[in-house]
Amino acid sequence: MRILFIHADYIEYEAKQKAMQSAEDIDKKKERYDEALVAFISVEEGDTAIVDKSVNEIKDVSKKVNVDRIVLYPYAHLSSNLAPPSEALDVLRKLESVLSKEYEVHRAPFGWYKSFVISCKGHPLSELSKEIRGEGEKPKEEESDALKAEKKKVTYWYVMTPDGTLHDVNDFNYTDYPALKKFVEYEISGTRAVREIPPHVELMQKLEIADYEPGSDSGNMRYYPKGKMMKALIEEYVEKKVLEYGAMQVETPIMYNYEHPSLKSYLNRFPARQYIVLSGRDKYFLRFAACFGQFLMMHDATISYRHLPIRIYELAKYAFRREQKGELVGLRRLRAFTMPDMHTLAMDMEQAKAEFKKQYEMAMEVLRDFGLELGDYEVAIRFTRDFYENNKDFIVSLVKLVNRPVLVQMWDERFFYFVLKFEFNFVDSMNKAAALSTVQIDVENAERYGITYYDENGEKRFPYILHCSPSGAVERVIYAMLEKAHMNAQRGVKPAFPLWLAPTQVRIIPVKDEFLGCAVQEMEQFQKEGVRVDVDDRDLSVSRKIRDAEKEWIPYIVVIGEKEKKSGKLTVRIRGNGVKVMDREELLAVIKEHLSGKPSRPLPLPPLVSMRPKFRG
RNA sequence: GCCACCGUAGCUCAGUCGGUGGAGCGCCACCUUGGUAAGGUGGAGGUCGCGGGUUCGAUUCCCGCCGGUGGCUCCA
């Protein structure tokens, strides 16, 4: 059976004349139905056996478009393998009677030439065709171009273990890797989550990190002082990392001309997801990654094989993707986001692979410094069959580096621009996955952009290009940290940020006003050492101030009163780890150990808590 | 983009079967000077998301829009 569904504002039809002897007798020739799901149906040989299945298909579609009125419209033109009219009418009547139990069902007369007018709603689900077959029946082979293109997309899913074995995703034993299981489900079938606000959204607001900005387009956030500081630190950290790795930092424009030939052919590969900027009569699109500017720069550069590999880096601030409304969530998916983007030109596949592996290791280090360890994220490695056949050991070596099973996706033929890609994916408390770090080996864009280098013989050649974001979007890193903290809290572990990212690292609480002076003196000692420290000078009880500090996830809370003034020691409440009496130097040593090698920034808010506005509630 | 639900004080929410509203937190003032997760009293604060419609009268009912969330689709 073949069905063409149209979700219609209305359909009108009129039976004109009988098309066959066995046409139904009818009393009313003209009908009109509003707000209906119209099913144009060709009944094929043997369909009597699959009436139930067809009913379910129709119900399924009705549910998706949320209609309770169904019009069954006999339509022979969808198939060249029609059932005899008597059988067809019988099947249609059965459909009608079964569906009538739950829906308002109308059936257009069978065996008539009819005129009709239909108004299709035009949303993505409003036009849909289905072919329904019984078990064991095979579709007729028709090798259209579209089908061939579809075939290229044939993808194979596996789980690869560190010993290099490819396991069927359905047979793999996930007992020790529940998050991998969730990730695999998310990738292959999508997940169904219960209805609730994502935990990180509540946290980003409560902690005054980021918030929605109704005055802008959706997916463009505001960042409060604490959030801005965290973002800046993350950016500085990644930047330091890639510069140490050997990248050259550049800056390129955020908007590009629609008509530029290289850009045009790149854009045409993808559905329109750009922000458009009109400047006078010219049309520009906002970049969705830093590729464009860097590729155009490399196009104009003169490069020798002796220079390779060369790496250029830019913090794409912002990258813009006009994602669909329904896809935007908190900090997980945005329309404007900050993405560290590094491109490496490699002479040949060997060099590309060597770089790929180093960047993979760098990405692991980067995530670790954000407090995301192996096991907090799931690895996906994707490649073409060709690449796999020629580089099995290389791929296995990547899996060995993380020493845990990873999701593998393999395509028969290349239909993206890359032959190899990995991502580190964070799986959140709602079982949604989001890609963080990624590296890809691009075999297509050097040619598209005319990026070349001169080889030993002075011949122009196209390099391979690696795309690398060691951390993924900065906002998404914060999302992952917040979600991890939330999952910790659910397990009874106090949620916290890595010390180097905590907006306040040490809070000093004077027991009463007369110790405020001591508290401020103590604060200055910590300030001198570059620690983000503040004093809660508000007229509140000690326990109240402790409570507020805990709610801010402050790692070290120092209470100062009579005792401390006399002894010169500090009473320190260590987050999640009780209260300890220690020397200032001792505490400083612990803090400095955590901070070594990380960028630092001053306190994002006034040092006296009483001087701070509330940005939210 | 589609479907569904939601939008009341800065925040979290209650309420009005159509007659312009309330609590807790926060804020302000006063009292309290405190020892590791909420000290007390009082006060100010609202175009009930925005725009139309119905009505003598709309925060409440209807339509449209904006924003948020979930699902679908999507995710270079």
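Note on naming: letters A, B, ... go to the chains in the order of the sequence lines (proteins, then strands), and numbering restarts at 1 for each one.
Two rings, from Phe292(A) and Tyr256(A), have their centers less than 6.0 Å apart. Ring centers of Phe288(A) and Phe320(A): at least 6.0 Å apart, outside the cut-off. Here Phe422(A) and Phe424(A) bring their ring centres to under 6.0 angstrom of each other.
In this structure, Lys545(A) reaches neither bases nor backbone, as no heavy-atom distance under 4.0 Å exists between it and the strands shown. Note on Glu562(A): a base of the nucleic acid sits closer than 4.0 angstrom, heavy atoms only. Within 4.0 Å of Leu328(A), counting heavy atoms only, lie sugar-phosphate atoms of the nucleic acid but no base atom. At a threshold of 4.0 angstrom between heavy atoms, the contacts of Lys494(A) include nucleobase atoms, whether or not backbone atoms are also involved. Among the atoms of the strands shown, none is found under 4.0 Å from any heavy atom of Glu213(A). Gly578(A) comes within 4.0 angstrom of no nucleic acid atom, judged by non-hydrogen atoms across all strands. Asn66(A) comes within 4.0 angstrom of sugar-phosphate atoms only, judged by non-hydrogen atoms across all strands, and of no base. Ser218(A) comes within 4.0 angstrom of sugar-phosphate atoms only, judged by non-hydrogen atoms across all strands, and of no base.
Rounded to whole Å, atom P of U36(B) lies 16 Å from atom CG of Leu540(A). Put simply, CZ on Arg333(A) is 14 Å from C1' on G1(B), counting in whole angstrom units. To the nearest angstrom, P of C11(B) lies 9 Å from CG of Asp211(A).
Expressed to the nearest 0.5 Å, how far CG of Asn220(A) lies from OH of Tyr318(A) amounts to 8.0 Å. Note that the CD atom of Gln440(A) and the NE2 atom of His467(A) stand 6.0 Å from one another [nearest 0.5 Å].
Distance check on atom P: G24(B) versus G67(B) gives 34 Å, rounded to whole Å. Only the C1' atoms considered, C72(B) is 37 Å distant from A9(B), to the nearest whole Å. Going from the P atom of G49(B) to that of U60(B) covers 8 Å, rounded to whole Å. A44(B) and G26(B): their C1' atoms are spaced 13 Å apart (whole Å). A distance of about 26 Å separates the P atoms of U47(B) and U54(B), rounded to the whole Å. On the P atoms, U20(B) is 28 Å away from C25(B), given to the nearest whole Å. Nucleotides A4(B) and U12(B) place their C1' atoms 24 Å apart, quoted to the nearest Å.
The base of G34(B) is not paired with the side chain of Glu514(A) by any donor and acceptor separated by under 3.5 Å. Side chain Asp539(A) to base G34(B): a donor-acceptor pair is found below 3.5 Å.
Pairing partner, G42(B): C28(B), with both Watson-Crick or wobble hydrogen-bond distances short of 3.5 Å. The pairing partner recorded for U55(B) is none, the criterion being a Watson-Crick or G-U wobble arrangement whose two distances lie under 3.5 angstrom. In this entry A14(B) has no Watson-Crick or G-U wobble partner, no candidate having both defining distances under 3.5 Å. The pairing partner recorded for G70(B) is C3(B), the criterion being a Watson-Crick or G-U wobble arrangement whose two distances lie under 3.5 angstrom.
Side-chain N/O atoms of Lys325(A) include one lying less than 4.0 angstrom from OP1 or OP2 on G67(B). Using a 4.0 Å cut-off, no side-chain N or O of Lys566(A) falls inside it from OP1 or OP2 of G35(B). Proximity of Arg547(A) to the phosphate of C25(B): no side-chain N or O atom is located under 4.0 Å from OP1 or OP2.
Tested against Asp428(A), the residues Arg332(A), Arg333(A), Arg476(A) include a single salt bridge (Lys or Arg N to Asp or Glu O under 4.0 Å) partner, Arg332(A).
Counting only heavy atoms from C-beta on, Arg616(A) has its side chain closest to U12(B) among U73(B), U12(B), U33(B). Picking from U73(B), G70(B), C27(B) the nucleotide with the shortest atom distance to the side chain of Met430(A) gives G70(B). Nearest to the side-chain atoms of Val511(A) among the listed nucleotides U33(B), G35(B), A38(B) stands G35(B).
Cation-pi contact between Arg414(A) and Phe383(A): absent, since separation from the ring centre below 6.0 Å together with deviation from the ring axis within 45° is not met.
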